[in-house]
Amino acid sequence: MIVKVVIDIPAKQVNRSFDYAVPKDWESAIKLGSRVQVPFGNMKRTGFVVDITDETEFNGKLKPIHSIMDYDVFLNEELIELSDYLAEYLQCFRISVLQAMLPSLLKAKYDAIVQIHDPVQFSEKVGSWYQNETSIDRKVLEERISPNAISQLKKENIISIEYQVINQTTQKTKTMIKTNLNKDQLMNALEKTSQRSFKQRAILEYFINNQAIESIEKSTLMTELEVSNATINSAIDKEWITTFKEMIYRDPLKDVSFQTNSSKTLLAEQQNAYDLISQSVDNKQADTYLIEGVTGSGKTEIYLQLMDRALQQGKSALLLVPEISLTPQMVERVVSRFQTGIAVLHSGLSITEKYDEWQRIIKGEAKIVVGARSSIFAPLENIGIIIIDEEHETTYKQSDNPRYHARDVARWRSEYHDAPLILGSATPSLESRARAQVGNYHLIHLENRVNQMPMPPVDIIDMTQVELRETANELSPELIEKIQDRLDKKEQVVLLQNRRGYASYLLCRECGFIMQCPRCDISLTYHKFDNQMKCHYCDYHEPLPTQCPSCQSPHIRTHGIGTQKVAETLEEIFPEAKVTRMDNDTTRRKGQHQKLLDEFSSGQSNILLGTQMIAKGLDFENVTLVGVINADTALNLPDFRASERTFQLLTQVSGRTGRGRLAGEVVIQTYNPEHYVIQFAKTHDYENFFRFEMKRRHLTNYPPYYFTTLLTVSSKHQGRASQLAYDLKAQLYNPELERKEQLYIIGPNRNNISKINNYYYFNLLLKYKDKTTIQRQLDDILNNTQQKATQGVYVNINHEPQYFS
DNA sequence: AGCACGCCGACT
DNA sequence: GTCGGCGTGCTC
C-alpha cells in the first residue's frame, strides 16, 4: 500500500503530494483523508493522505509513514477533490485549503485519550498488561498493539478516542469568585469593616446572604453589587474571597426550546417557489435558484420545508447563514422543526465543541448543518440541498488565505452531489442577480410579506437644508420629533450610524458636494498626513481645497461622526430615554452582543443605536421607527461596491420595522437626497436599482461585467514593494488584450492605509473578461515571487476581493 | 520550512 | 591556501 501525502508546508516547492509506504499493520487504519506524520527530509511533518494506491512514479526507496494521527477521518473523498480544485482556482497552496476545511481542534495541541467502554473485551484482546483503567493514553496503547488492531477495537466500539486540548489558554474561560469563609467568619469580617466601606461590606453581605451559592462569575458580581475591580481585588487581599477560572461551555442548543414547530402553510408565492425547487431536489439537478424576496416574505419557511423534503429522501441538507444572524432565535427555528440530527457550527463554540459537532456529521448523526461561512466544508455525505441565506453578505468571502467565497464552494458541491443550490436575499449581490438575468440561475421573486403588511414608508431628510437652519446637530428636527413620538407611545426606535464613519471624506455643508476622482467615479479620501485629497484606485491627488469647488462656499470640511457622539446627543435631547449603543467598541467582549440585544428586546431600553450590525436579521415587534442618521458615509467610500452596499444596508435596516402588528416608518437623513441609491431605497425598488447600477458597472468596467483580481505586494522596504508592483504590472501588461478590452491593469496604487505593522502595501487591480488569459501568468507570478519572499517581499493574490483597502 | 550544496570574499 | 557568506534546490 502506498499513499500520496500533502505536507503541511505552505510553499510552492512542496505544493504537491509525496508518496509513502504504509506498513502492513497500518493498512486498515489508514484511510483517504487520514492525518499522518511522515519523515520529510530530515524533519517529521504532518500531512494528509490524498490518495491510496499501489503504484509510485518515484525512483527511489519510499519512506514509511511515521505515525497515524487520528483514527477518524475528517475529510472525505469529495472534500479532497474539492481542495484540489480550490487550490488551483484560488491560486493558493493545497495544504492551506485542507487546513481550512478542518475543525480547528486539530491545529491546537492536544492529548489523545483512549476511553475503554468494554473493559472485559478489551482485556481479552490486548492481554495481561491492562490494569482495568477506564481510560489510557493513546501512546501507551500504540506501543502495545498495531494501528490496525486499534482501528478494529474502535470499529467494534470497545474503545473510543477523545481529544483533550493541552493549551487551555485558547479555551474561553470566565473568572469565578467563591469564599472559603463560613458564615461566622464572614460576619466577623463584616463587623471589623468600617461602616464607610460600603462596597467592601456589600461583598461580604452578598456572601452572607447567599450561602447556598457556591460561586459567582466575577463580572456578574461586579454589575450586581456595582463594585469595581479594585474592590474585588482588595477583598481577595483580605482573603475573604478567592478567584478561579472556569471553562465557558456553550451548548449551542442549550437555551433553545425543543417545542415542535410544524410546517406552516405557504402562501401562493412561497408554494410556487417550493414546488419549483423541490423538483430539482427530487430529480437531483444541480440548479441554482436565486430567491429575491423582501424582508418578511417567508424565505426561511421555504428553506425549512425544502430541507425537510431532502431529509425525507434520505439526503442531508446544508444551510449557511451569516455569522451575525446565527442567533438563538434563528437556531431555534431550525431545531424546533427537526428536533434532532442538527449540527450547529458558529464562532461561539469552543474548539472541542466544534470538533464534537464535526464528529456527529462524520458519523452521520447530524444530517442537517447550520452554520457560517466555513460550514460550507462540513463533511456531509449525500447532500440533497444547499442553501445560502443573505447571499449578498460579504462575510461569505474569507478575507485571508485561502480566500474562498462560500458561494463558489457551494456551487462546486452542488454539482458534485447533483443537488440544487438556493441563494436567498432581499437585495442580491449584483453578480448573482446578473447571473439570474442571463439565465444561469433561476430567478424567483417573492413580492409579498407573510404578515401582509406593506413595506414601511421612507422619509428622506435633506440634511443640507437642515444644516442651514440648525448647526452642529446630527439629528434633524423631523427625526427628533418622530423619536419623541415613539417614546411617548412606549414604542421602540432603531437608529443606524454606519460603521465606517471614521472614513474622512470632504463634504460641502452648503451644497452637499463631495469631491470625486475625475478618472474613477469614486470619491476622494482626505489624507491628513500630507493634506491631500487622494483617489485609492488611481494615483490622482490634489491639495485640500479651502472652498467648495462647486459652489465656492467656505463651509467645506472633512466629515465623519461616530456612534459615541450621537449617543451623547440623544441623551441630551431625550433625558428620559435609555439608549443601547451597539458598535465594535461595545460588543468587543464575547456575549456582549447578545446581552445588548436582550436589553433592547426586553424593553429595558427605548433606542437601539448602532452600526450596521444592527441592520441584520434582528426581529423586534415593538420597533416602529428606523432612523438612518447619515446615509452618506457608506456611500462615499472609495469602493466601486459602495452604492450596492449602501442600498443593501438601507433596505435591510428598513426591514427592521413593521415586523409586528404595528406599522413602521423609516427616516433616512442624507446630504445627497437625489442620489439614485437613496431614491431607490426610498421605494424599496431593488429591481430598478439593479438596472441602474448595472449600467454604471458597465460603463466603468467593473463586476459583473469584468472579473477582478487584486494583487497585493507588501514589504518592510517601501522601495522593494513598489518596485515589484511595477515589475508585475510590466509582466502582466498586454497591449493586445487591452486593445480588445479583455484585460485592464490598474495601479500600482499605494494601499489606503499605506503602512500596517511596518509593512508597506501596493495594489494592482486586474479587470478581465476571461480568467484563462491571465491564469498562467498568475501561476508564474506565484512561483517566481516565492523566491522573492525570502527577500522580504510578499505577493498576495485575491480573486474577486470584497474590499479594496 | 529546514537543510545541504556550492560558489565568491576576507582571514589565521 | 581555508572559513563562511547566503543564493539555489530538494525533500517521497
Side-chain angles (χ1 to χ4, degrees), chain A residues 1-70 73 75 77 80-81 83-84 86-88 90-102 104 106-110 147 167 400-403 712-717 719-721 723-724 727-728 731 757 759 779-797:
Chain A
M1 190 183 195
I2 292 165
V3 287
K4 294 190 182 296
V5 175
V6 174
I7 309 292
D8 71 339
I9 299 170
K12 196 73 197 180
Q13 291 135 300
V14 292
N15 190 27
R16 61 187 180 95
S17 65
F18 290 84
D19 296 354
Y20 286 88
V22 180
K24 270 263 172 300
D25 270 357
W26 303 52
E27 290 191 348
S28 65
I30 294 267
K31 297 175 199 89
L32 200 61
S34 284
R35 222 160 46 116
V36 289
Q37 287 200 304
V38 290
F40 189 67
N42 56 341
M43 315 170 257
K44 194 172 80 182
R45 309 288 309 212
T46 34
F48 293 93
V49 174
V50 294
D51 199 9
I52 299 177
T53 98
D54 287 317
E55 292 169 359
T56 178
E57 281 162 20
F58 182 62
N59 305 315
K61 191 166 169 16
L62 291 185
K63 291 184 183 176
I65 279 173
H66 181 271
S67 69
I68 175 162
M69 296 183 71
D70 319 290
V73 285
L75 302 165
E77 198 178 339
I80 287 165
E81 204 178 300
S83 73
D84 193 26
L86 277 180
E88 195 193 323
L90 301 169
Q91 287 171 309
C92 67
F93 306 118
R94 190 159 181 206
I95 191 69
S96 315
V97 181
L98 288 167
Q99 278 169 345
M101 290 176 160
L102 293 172
S104 53
L106 300 180
K107 284 169 228 152
K109 285 204 160 118
Y110 53 83
N167 182 7
D400 40 61
N401 260 318
R403 302 188 161 89
T712 307
V713 184
S714 59
S715 174
K716 281 189 177 178
H717 309 276
R720 286 188 206 171
Q723 183 60 50
L724 184 57
D727 289 352
L728 292 180
Q731 261 180 64
N757 273 335
Y759 273 85
D779 281 341
D780 289 346
I781 285 174
L782 202 63
N783 272 325
N784 300 333
T785 54
Q786 191 69 38
Q787 287 151 19
K788 294 266 195 219
T790 55
Q791 298 161 17
V793 191
Y794 303 92
V795 177
N796 262 310
I797 299 179

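In what follows, every chain begins at residue 1, and chains take the letters A, B, ... in the order their sequences are listed. These numbers come from the heavy atoms of this one structure, side chains and all, not from hydrogens, waters or symmetry mates.
If you measure from atom CZ of R16(A) to atom P of dC10(C), you get 10 Å, rounded to the nearest angstrom. In this structure, D8(A) places its CG atom 18 Å from P of dT11(C), rounding to the nearest Å. Distance CG (D19(A)) to P (dT11(C)): 12 Å, rounded to an integer number of Å. Taking atom CD of E57(A) as the reference point, atom P of dT11(C) lies 15 Å away to the nearest angstrom. Whole-Å rounding puts the N15(A) CG to dC10(C) C1' distance at 15 Å. Between N59(A) atom CG and dT11(C) atom P the separation is 11 Å, expressed in whole Å. Atom NZ of K61(A) is separated from atom C1' of dC12(C) by 12 Å (rounded to the nearest Å). In this structure, the CZ atom of F58(A) is 10 Å from the C1' atom of dC10(C), given to the nearest Å.
Exactly one residue among E81(A), R16(A), K4(A), E77(A) makes a side-chain contact (heavy atoms from CB on, under 4.5 Å) with V50(A). That residue is K4(A).
The line from CG of D400(A) to CG of N796(A) is 9.5 Å long, rounded to the nearest 0.5 Å. We find the CD-CG distance between E57(A) and N59(A) to be 9.0 Å, quoted to the nearest 0.5 Å.
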For nucleotides 2-4 of chain B, give me every protein contact, N/O to N/O, under 3.5 Å, one pair per line with atom names.
none

Protein N or O to nucleotides 4-6 of chain C N or O, pairs below 3.5 Å:
none

So which protein nitrogen or oxygen atoms get under 3.5 Å of nucleotides 5-7 of chain B's nitrogens or oxygens?
none

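E55(A) has its side chain out of reach of D19(A): every pair of non-hydrogen atoms, C-beta onward, lies at least 4.5 Å apart. Taking the side chain as every heavy atom from C-beta outward, L62(A) and Y20(A) never approach each other to under 4.5 Å. Side-chain atoms of V73(A) and L32(A), non-hydrogen and from C-beta on, never get closer than 4.5 Å to each other.
I9(A) comes within contact range of at least one nucleobase, with a heavy-atom separation under 4.0 Å. Nucleic acid contact for V5(A): none, since no nucleic acid atom lies under 4.0 Å from a heavy atom of the residue. Base engagement by F40(A) is indicated by at least one non-hydrogen atom pair under 4.0 Å involving a base atom.
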side-chain contact (heavy atoms from CB on, under 4.5 Å) assessment of I7(A) paired with F18(A): CA-CA 8 Å; I7(A) 309 292; F18(A) 290 84; 3.8 Å; yes

Intermediate values then yes/no, side-chain hydrogen bond (donor to acceptor under 3.5 Å, both in side chains), R94(A) and S83(A): CA-CA 6 Å; R94(A) 190 159 181 206; S83(A) 73; 3.1 Å; yes

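Partners of E27(A) according to the salt bridge (Lys or Arg N to Asp or Glu O under 4.0 Å) rule, which considers only residues two or more places apart in sequence or in another chain, are K24(A). The ring-ring contact (aromatic ring centres under 6.0 Å, His included) test applied to F48(A) returns no partner, not counting sequence neighbours.
Put simply, F18(A) does not rest on the base of dC12(C): the two rings are not both less than 5.5 Å apart at their centres and under 30° in tilt.
Annotation: side chain to side chain donor-acceptor pair (under 3.5 Å) contacts involving residues 36-51 of chain A, sequence neighbours excluded, comprise D8(A)-R45(A), D8(A)-T46(A), Q37(A)-S67(A).
The number of heavy-atom neighbours closer than 6.0 Å to CD of Q731(A), taken from other residues, nucleotides and ligands shown, is above 12.
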